[in-house]
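As C-alpha cells, the structure follows; a few thoughts come after it.
Labels below follow one simple rule: chain letters A, B, ... track the order of the sequence lines, proteins then strands, and each chain is numbered from 1.
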2 protein chains.
Amino acid sequence: MGLAKTEMFTDEQNKISMFAKAFGHPARVAILQHLFKIDTCICGDLVSEIGLAQPTISQHLKELKNLGLIKGNVEGTSVCYCIDKDNWSNMKDIMAQFLDQDISSNSCC
Amino acid sequence: MGLAKTEMFTDEQNKISMFAKAFGHPARVAILQHLFKIDTCICGDLVSEIGLAQPTISQHLKELKNLGLIKGNVEGTSVCYCIDKDNWSNMKDIMAQFLDQDISSNSCC
DNA sequence: ATATATTATCGTAATATTGCAATGAAACAA
DNA sequence: TTGTTTCATTGCAATATTACGATAATATAT
C-alpha cells in the first residue's frame with residue numbers, strides 16, 4: 001500500500017521515523033553536511049556541489065524546511081538556507097534517546 | 001524515478017542514509033524499542049505488540065536483519081530476534097558523527 | 001521595458017515502499 | 001502420520017519517493 005499506519009504508533013515513534021526519513025536520502029545528508037560546513041548557503045551552490053538537477057535540490061530543500069531542520073531567507077534573487085539550530089538540537093535529543101538505549105547483557109543470541 | 005543516485009555520494013553519506021531509512025518507519029522504530037526493552041524476543045510477540053499483520057512484521061524484521069542491526073536464532077518452532085550490539089554500536093558512532101556536527105554562530109538566518 | 005539570474009512549482013515517468021491474503025517450510029506434538 | 005504452531009516467502013494492489021524538463025515567479029541590472 002505504500003502507506004504507513006501512523007495512527008497505531010506513539011507520537012515519539014512517529015517523530016523519530018519522520019526525522020529519520022529526512023536523513024534517508026544521501027542527497028539530503030549531503031545538503032545538511034554542506035550547510036554545516038559553510039554555515040551560509042544559497043541553493044545554486046548546492047546544485048553544483050551535489051550534482052543533481054536544480055528542481056531536485058529544491059524539492060529536497062523543501063522537505064528539510066517543512067520538517068523545520070533548515071530555514072531560508074530571501075536575499076535579492078537568491079535564497080539563503082541555513083540549519084535551524086534550535087530545531088536541530090531538539091531533533092538530536094529525540095534521536096539520541098532512541099539511539100542511546102542501553103543494551104543489557106542477558107541476550108539470547 | 002524513485003531511485004536514489006547513490007554513486008554520486010560518499011560511502012559515509014550512503015551509509016548514514018541507509019541506516020536512517022531503516023528508522024524511517026514507525027513500525028521498525030517500535031520493533032527496535034521492544035527488542036531493547038525485553039532483550040529476548042520472538043516474532044509472535046511483535047505481531048501482537050505492534051498490531052500489523054505477521055507477514056508485514058516479518059518483512060520489517062528482514063530489513064533490519066539485512067542491515068545487521070538485529071540477528072535471529074532459530075529455537076524450535078520460533079525464532080529469537082535480538083539487537084546486534086556490535087553493529088548497533090557501530091551505527092551509533094556513524095549517526096552521532098552526523099548529528100553532532102558543530103554549528104558556528106555566523107549564520108545569516 | 002527587456003534581459004538576466006535564481007529559485008519554486010507543475011507535470012510526468014520510473015522505481016520503491018507498505019501491507020496483507022494466501023501459501024510454503026520447518027519443527028514439534030499427539 | 002496428521003495436525004499444530006511459528007515464521008518466511010510470494011504475489012499483488014495502493015501509495016510514496018525520486019528525478020528532471022518545462023515553465024512560472026521574483027528580483028535585479030541595463
So which nucleotide from [options] ends up closest to the side chain of [X]?
X	options	result
Ser78(A)	dT7(C), dC20(C), dC7(D)	dT7(C)
His25(A)	dA16(C), dA19(D), dT9(D)	dA19(D)
Ile42(A)	dC20(D), dT7(C), dC20(C)	dT7(C)

Exercise. Which residue, Pro55(A) or Thr77(B), contacts DNA chain C at a nucleotide closer to its 5' end, judged by nearest heavy atom?
Worked result: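 Nearest-nucleotide comparison on DNA chain C picks Pro55(A).
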
Exercise. With distance as the sole test, does Arg28(A) use its side chain to make a donor-acceptor pair with the main-chain N or O of Lys21(A) at under 3.5 Å?
Worked result: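 Indeed, once roles are kept as given, a pair shorter than 3.5 Å links the two residues.
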
Exercise. Is there a donor-acceptor pair under 3.5 Å between the side chain of Asp84(B) and the backbone N or O of Lys71(B)?
Worked result: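 Not a single qualifying donor-acceptor pair exists.
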
For [N] and [X] - does any side-chain N or O of the residue sit under 4.0 Å from the phosphate oxygens OP1/OP2?
X	N	value
Lys21(A)	dT17(D)	yes
His60(B)	dT17(C)	no
Lys65(B)	dA8(D)	no
Lys5(B)	dC20(D)	yes
Tyr81(A)	dT6(C)	no
Ser58(A)	dA8(C)	yes

Problem set entry | Residue whose nearest DNA chain D nucleotide is more 5′ - Gln54(A) or Gln54(B) |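 It is Gln54(B), whose closest nucleotide lies nearer the 5' terminus.
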
Problem set entry | Euclidean distance, Met18(A) CE relative to Gln13(A) CD, rounded to 0.5 Å |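 Gln13(A) atom CD to Met18(A) atom CE measures 14.0 Å (nearest 0.5 Å).
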
Problem set entry | Spacing of CD belonging to Gln97(B) relative to CD belonging to Glu12(B), to within rounding of 0.5 Å |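 Gln97(B) atom CD to Glu12(B) atom CD measures 5.0 Å (nearest 0.5 Å).
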
